[in-house]
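Report on one structure; see the data block that follows.
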Amino acid sequence: MSFLNAEEPSVCDLITDFNINLLWHPSLGLELGESLKKLLRDCINGIIPVDILVFEGSVVNAPKGTGEWNRFADRPMKDWLSDLSQVAKFVVAVGDCATYGGIPAMSPNPSESEGLQFLKRQKGGFLGPDYLSQAGFPVINIPGCPAHPDWITQILVAVSTGRLDDITLDEFHRPETFFKSFTQTGCTRNIHFAYKASTSDFGQRGGCLFYDLGCRGPMTHSSCNRILWNRVSSKTRAGMPCLGCTEPEFPFHDLQPGTVFKTQTVMGVPKELPTGVNRKDYALLTVVAKDSTPKWAEEDIFTV
């Protein structure tokens with residue numbers, strides 16, 4: 001559903017401008033029942049070539065490795081996925097569930113869920129660590145809960161126009177063009193972060209969300225504040241903390257009460273600090289920053 005909201009390029013642009021033939025999509029596909037099964041079998045048998053296989057959702061293996069808990073078109077979904085991945089030129093995993101296993105893979109993981117090529121940080125997943133598509137690429141991961149629609153369509157354009165070699169994948173197979181910088185990059189609250197000016201209320205336009213409300217923007221790799229959602233906003237711009245949904249550990253702390261929207265601290269210092277920050281230096285910097293905060297940092301900069 002996020003994919004259908006893409007704007008640059010839109011789904012219509014993919015079809016009209018980039019000549020992508022959408023074989024089947026849960027919301028757009030016309031085939032049902034026997035006609036859908038025939039389409040899938042024709043893809044597996046090479047009658048219909050599969051250039052890009054896009055998969056969303058965790059791979060469910062329960063019970064006992066059969067995958068019967070998630071059936072699709074008269075077969076376990078994982079069986080269709082196994083066959084289609086062998087004939088696809090490229091495989092793209094969309095969303096946390098498909099990339100890392102997501103919420104279904106949380107301990108104790110009764111559904112035996114995993115991602116296509118990762119289970120959280122462990123490489124392997126359903127297709128195995130050495131899997132390569134017909135074009136010689138590993139699974140291309142576009143995480144997020146949900147994934148930004150333009151991340152999806154822009155990667156599909158790169159694949160369809162033969163420019164995937166120009167895109168560097170990180171250790172979790174994420175395109176660095178979207179996931180090398182942190183969510184904090186472009187955040188309108190960076191001035192409040194620098195001066196340790198916090199807010200304890202949701203929806204406020206001033207104050208950093210990191211110090212009290214559990215925002216993970218400084219340690220989460222995403223471009224949510226560079227490529228805005230609906231070209232308008234982001235979670236932090238709307239006054240809601242980043243939950244780190246593009247990282248393998250999402251959801252953090254197993255969603256225990258009091259851990260999601262509350263920064264966990266030890267003697268006033270957050271347990272988890274921005275990447276590369278030394279705890280001792282951070283404590284010293286906090287004292288200096290708070291003492292040097294200018295009055296204008298507390299003002300509502302959005303007032304017109």
Side-chain angles (χ1 to χ4, degrees), residues 3 6 9 11 13-15 17-25 39-59 61 67 76-102 105 113-144 147-181 221-223 246-248:
F3 165 71
V11 177
D13 293 335
L14 290 180
I15 296 171
D17 295 348
F18 296 98
N19 297 319
I20 289 181
N21 176 24
L22 191 63
L23 291 175
W24 194 79
H25 179 280
L39 171 66
L40 295 174
R41 286 194 295 266
D42 286 347
C43 290
I44 294 170
N45 294 328
I47 298 172
I48 299 176
V50 180
D51 294 315
I52 311 171
L53 170 64
V54 181
F55 188 78
E56 185 256 352
S58 60
V59 184
N61 293 294
M77 174 67 86
K78 75 182 190 71
D79 292 348
W80 287 116
L81 177 61
S82 178
D83 291 340
L84 289 168
S85 65
Q86 297 306 311
V87 299
K89 288 184 180 178
F90 300 91
V91 177
V92 178
V94 170
D96 268 15
C97 292
T99 54
Y100 315 124
S113 291
E114 56 188 342
L116 266 67
Q117 208 161 13
F118 283 88
L119 176 57
K120 302 304 181 180
R121 281 185 176 266
Q122 181 180 352
K123 189 173 182 180
F126 177 68
L127 296 177
D130 299 322
Y131 169 80
L132 295 175
S133 67
Q134 288 292 319
F137 282 84
V139 175
I140 302 162
N141 285 333
I142 307 178
H148 193 297
D150 291 347
W151 299 344
I152 304 170
T153 55
Q154 288 181 30
I155 288 300
L156 293 182
V157 167
V159 173
S160 64
T161 56
R163 293 188 294 107
L164 192 57
D165 284 327
D166 298 334
I167 295 176
T168 302
L169 302 180
D170 69 9
E171 59 179 320
F172 299 113
H173 300 180
R174 300 175 297 195
E176 287 193 351
T177 184
F178 302 128
F179 299 102
K180 188 170 185 177
S181 63
H221 294 86
S222 87
S223 51
T246 57
E247 296 295 332

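Fair warning: this is a prediction, and the values are worked out from it, not measured in the lab.
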Minimal non-hydrogen separation, Pro138 against Gln117, with atom names:
CB-OE1, 3.6 Å
Within residues 166-178 or reaching into it, pairs that qualify as salt bridge (charged side-chain N to carboxylate O under 4.0 Å, His left out) - sequence neighbours excluded:
Asp170-Arg174, Arg174-Glu247
Side chains of Asp83 and Arg41 in contact at under 4.5 Å (non-hydrogen atoms)
no
Pair Trp151-Ser223, side-chain donor/acceptor within less than 3.5 Å
yes
So which atom in Pro175 and which in Ile167 form the shortest heavy-atom distance, rounded to 0.1 Å?
CB-CG2, 3.8 Å
Contacts of Asp79 that satisfy salt bridge (charged side-chain N to carboxylate O under 4.0 Å, His left out) - sequence neighbours left out:
none
Atom CD of Glu56: over 12 foreign heavy atoms under 6.0 Å:
no
Could you check if a side-chain atom of Phe118 sits within less than 4.5 angstrom of a side-chain atom of Pro248, using non-hydrogen atoms only?
no
For Val54 and Leu156: C-alpha separation, side-chain torsions, deciding distance, then whether side chain to side chain contact (heavy atoms under 4.5 Å, CB included) applies.
CA-CA 9 Å; Val54 181; Leu156 293 182; 3.9 Å; yes
Within the structure provided, determine whether Thr153 and Asp13 are in side-chain contact (heavy-atom separation under 4.5 Å).
no
Asn141 to Ala93 - nearest heavy-atom pair and separation
OD1-CB, 3.4 Å
With side chain to side chain contact (heavy atoms under 4.5 Å, CB included) as the test, would you mind laying out the steps for Asp165 and Phe137 before giving the verdict?
CA-CA 10 Å; Asp165 284 327; Phe137 282 84; 3.2 Å; yes
Contact between Val91 and Tyr131 at the side-chain level, heavy atoms closer than 4.5 Å - yes or no?
yes
Heavy-atom closest pair, residues Gly101 and Ser58
O-CB, 3.7 Å
Answer yes or no: is there a side-chain heavy-atom contact under 4.5 Å between Val157 and Asp17?
no
State, yes or no, whether a side-chain contact exists between Thr99 and Phe172 at a heavy-atom distance under 4.5 Å.
no
Correct closest heavy-atom pair for Pro49 and Leu23 would be O-CD1, 3.9 Å
Would you indicate whether the side-chain heavy atoms of Leu116 and Leu81 approach each other to under 4.5 Å?
yes
Any heavy-atom pair between the side chains of Leu84 and Cys43 that's under 4.5 Å?
yes
So His25 and Phe3, ring pair (Phe, Tyr, Trp, His ring centres under 6.0 Å) or not? Walk me through it.
CA-CA 11 Å; His25 179 280; Phe3 165 71; 5.7 Å; yes
